[in-house]
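A single structure is presented below for examination.
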Amino acid sequence: MNEPKPVELKMTIDEPTSAGHYVNFANILHNPTEFVLDFGRIVPGRPDVKILARILTTPVHAKQLLNALAQNIGIYERQFGPIPEVTAVPPPASESPTN
């Protein structure tokens, strides 16, 4: 049998996209045929989240992304040490309950 030849992908990126966006918020929605990933930024002291990017993809690609992230986090942690896990974000000092 003939083995399929690997395809070499050439990626391109335009100037505005290459600047990227800093995000510290993600929300994931899904239905039987797609995953919707919203990425945004929360600013301390503000109750709103500005969504900066929305990615729509298939369940197959979402799972490939999950695996790629897991693999890259493993590589990162081997090189730089463990990434601390944050289980809850404490409220800002101005919103802390007082006794």
Side-chain angles (χ1 to χ4, degrees):
M1 238 195 263
N2 291 336
E3 291 287 325
K5 293 182 181 179
V7 176
E8 187 173 322
L9 298 177
K10 179 183 176 189
M11 294 186 288
T12 60
I13 189 168
D14 62 33
E15 189 67 31
T17 303
S18 70
H21 294 286
Y22 171 78
V23 298
N24 58 5
F25 171 87
N27 189 51
I28 302 169
L29 307 164
H30 58 85
N31 63 34
T33 61
E34 63 193 6
F35 274 72
V36 178
L37 300 99
D38 286 336
F39 295 97
R41 183 168 39 236
I42 298 173
V43 177
R46 296 198 51 180
D48 58 325
V49 176
K50 181 171 183 167
I51 300 300
L52 300 169
R54 171 171 278 180
I55 307 299
L56 295 101
T57 192
T58 67
V60 169
H61 287 111
K63 192 164 188 176
Q64 288 175 333
L65 175 61
L66 171 69
N67 292 333
L69 279 170
Q71 181 180 17
N72 279 271
I73 287 171
I75 292 167
Y76 176 96
E77 289 186 322
R78 284 191 294 281
Q79 186 172 357
F80 301 108
I83 299 169
E85 293 201 31
V86 178
T87 55
V89 177
S94 63
E95 295 180 17
S96 297
T98 57
N99 292 333

Exercise. In Å, rounded to the nearest 0.5 Å, how long is the span from CG of L37 to CG of N27?
Worked result: 9.0 Å

For this session: Work out which heavy atom in P59 is nearest to a heavy atom in P32; give both atom names and the distance.
Result: CG-O, 4.0 Å

For this session: Following the transitive rule for hydrophobic clusters with a side-chain heavy-atom cut-off under 4.5 Å over Ile, Leu, Val, Met, Phe, Trp and Tyr, establish whether L69 and V23 coincide in one cluster.
Result: yes

Exercise. With sequence neighbours left out, which residue pairs that include part of residues 24-49 fulfil the ring-ring contact (aromatic ring centres under 6.0 Å, His included) condition?
Worked result: H30-F35

Seminar exercise, completed: Going by chain and number, the hydrophobic cluster around I73 (ILVMFWY, side chain to side chain under 4.5 Å) further includes Y76, F80, I83

Seminar exercise, completed: So CG of N72 and CG of N67: to nearest 0.5 Å the spacing works out to 11.0 Å

Exercise. Which pairs count as side chain to side chain donor-acceptor pair (under 3.5 Å) when at least one residue sits in residues 31-55, sequence neighbours excluded?
Worked result: N31-T33, N31-E34, D38-R54, R46-D48

Exercise. L52 and I28: same hydrophobic cluster, using ILVMFWY side-chain contacts below 4.5 Å?
Worked result: yes

